[in-house]
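Data first, discussion second: the structure below is written as structure tokens.
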Amino acid sequence: MKNLILFGPPGSGKGTQAAKIIEKFALVHISTGDLFRYEMSNDTPLGQQAKAFMAKGELVPDSVTIAMLRNKVDAHPDAKGFIFDGFPRTITQAQALDALLSEQGSAIHALIALQVEDAEIVERIKKRGVTSGRTDDTNEAIVRNRIDVYKSETTPVYDYYAQQQKSHSIHGVGEIDEIFELISGVVESL
Ligand code: AMP
């Protein structure tokens, strides 16, 4: 069993790389951003709770996010492993994830961080906004807030797993396939 965290700022290519990783390594992909968007599009109570936070580029509260994540993990008892994309985004979420996996006799095996500089991120997200229809992609102030939130609340998660010797950093600019080769190298070394 391999449980991975795909880490990095918004627009760093996590979704693109996750799609390739699940194909090659047969892991279950859990993207909390995708899950929230799905709930919102169905106007569920969970979607309604998340909406205002997402619209501002703020984090949805930990209690809400962790409960949703737990349900999703529990729904896949036979998974060979998970790839967590966009989660954990706070230390509290990381601790909850470790506790949840340890209840199942498992753990996180690696955090793989995609490093992309701010100017490149802003450009990529602007481009994505043209087709994604995501309102949090089209407003530059909201995009910048998401980057700020990433730096203040989420980057400590990298250090948290670095203390467990599990964090790996990869330069996330270049050809998609070349970046994927670097990620594959880390996964195969586990
Ligand atoms: P993403 O698609 O990963 O960029 O997430 C889009 C938005 O969903 C974020 O800006 C947050 O508002 C919310 N979100 C996604 N994942 C999380 C998480 N792990 N914790 C809190 N909020 C989240």
Side-chain angles (χ1 to χ4, degrees), residues 3-22 28-75 82-101 108 111-116 118 120-161 167 172:
N3 296 311
L4 310 175
I5 296 169
L6 195 54
F7 196 76
S12 56
K14 298 190 293 294
T16 304
Q17 295 296 339
K20 295 174 77 71
I21 296 168
I22 53 172
V28 173
H29 179 208
I30 301 185
S31 155
T32 43
D34 286 350
L35 291 172
F36 281 132
R37 280 185 287 278
Y38 176 79
E39 298 289 334
M40 267 168 39
S41 68
N42 288 292
D43 203 22
T44 64
L46 178 56
Q48 287 166 7
Q49 265 179 300
K51 197 172 182 167
F53 298 99
M54 292 178 75
K56 288 185 282 189
E58 300 288 337
L59 296 183
V60 178
D62 283 336
S63 56
V64 175
T65 307
I66 291 165
M68 178 177 76
L69 189 278
R70 178 179 278 274
N71 282 336
K72 200 69 191 172
V73 170
D74 287 348
F82 292 95
I83 174 147
F84 299 100
D85 162 3
F87 184 95
R89 264 173 152 100
T90 63
I91 296 286
T92 303
Q93 291 181 13
Q95 289 167 337
L97 179 62
D98 283 355
L100 167 63
L101 292 174
I108 285 296
L111 175 151
I112 302 173
L114 298 172
Q115 304 275 338
V116 180
D118 290 3
E120 168 81 13
I121 288 170
V122 173
E123 278 313 303
R124 284 188 189 182
I125 295 181
K126 253 194 218 162
K127 254 191 217 153
R128 181 172 75 183
V130 175
T131 49
S132 72
R134 284 178 55 175
T135 47
D136 62 343
D137 278 351
T138 43
N139 178 317
E140 186 159 336
I142 292 171
V143 170
R144 295 215 175 261
N145 190 40
R146 288 163 64 201
I147 296 171
D148 288 348
V149 168
Y150 173 77
K151 287 181 182 163
S152 58
E153 298 189 50
T154 304
T155 53
V157 173
Y158 182 93
D159 302 328
Y160 173 88
Y161 285 104
S167 291

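Computed from heavy atoms alone, side chains included, the values below leave out hydrogens, waters and symmetry copies. Note that ligands are numbered from 1 as they come in the structure, with each ligand's atoms numbered from 1 the same way. Every value quoted in this text rests on a predicted model; they were computed, and no experiment measured them.
The existence of a salt bridge linking Lys51 and Asp43 is excluded, since no basic side-chain nitrogen approaches an acidic carboxylate oxygen closer than 4.0 Å. Ion pairing of Lys127 with Glu123 is absent here, as no side-chain N (NZ or NE/NH1/NH2) approaches a carboxylate O to less than 4.0 Å. Comment: Lys151 does not engage Asp148 in a salt bridge, judged by the lack of any side-chain N to carboxylate O separation of less than 4.0 angstrom. Between Lys126 and Glu140 there is a salt bridge, since at least one side-chain N of the basic residue sits less than 4.0 Å from a carboxylate O of the acidic one.
Residue Arg146 has at least one heavy-atom neighbour below 4.0 Å for each of these atoms of ligand 1: 4 (O). The contact set between ligand 1 and Thr65, taken as ligand atoms under 4.0 Å from a residue heavy atom, comprises 18 (C), 19 (N), 20 (N), 21 (C). Listed by number with element, the atoms of ligand 1 under 4.0 angstrom from any heavy atom of Thr32 are 15 (C), 16 (N), 17 (C), 18 (C), 19 (N). Proximity to Arg37 (heavy-atom distance under 4.0 Å) selects the following atoms of ligand 1: 2 (O), 6 (C). Close approach to Gln93 involves these atoms of ligand 1, each under 4.0 Å from a residue heavy atom: 18 (C), 19 (N), 20 (N), 21 (C).
With Glu58, Met54, Lys14, Met40 as candidates, the residue nearest to atom 8 (O) of ligand 1 on a non-hydrogen basis is Met54. With Pro10, Gly86, Ser132, Gly57 as candidates, the residue nearest to atom 19 (N) of ligand 1 on a non-hydrogen basis is Gly86. With distances taken over non-hydrogen atoms, the option nearest atom 18 (C) of ligand 1 out of Lys56, Met68, Arg89 is Arg89.
No part of Glu153 comes within 4.0 Å of ligand 1, judged by heavy-atom distances. Both the backbone and the side chain of Leu59 come within contact range of ligand 1, each with a heavy atom under 4.0 Å.
Here CD1 of Ile125 is found 9.5 Å from OG of Ser132. Values are rounded to the nearest 0.5 Å.
At the top of the distance list for atom 23 (C) of ligand 1, counting protein heavy atoms only, stands Phe36 CE1, 3.8 Å.
Defined by atom type and a distance below 3.5 Å, a donor-acceptor pair is present between the side-chain atoms of Thr44 and Glu39.
Looking at ligand 1, you'll find an N or O of Val60 within less than 3.5 Å of one of its N or O atoms.
Panel note: side chain Asn145, backbone Lys56; a donor-acceptor pair is recorded below 3.5 Å.
Phe84 pairs in a side chain to side chain contact (heavy atoms under 4.5 Å, CB included) with only one of the listed residues (Val28, Val73, Leu4), which is Val73.
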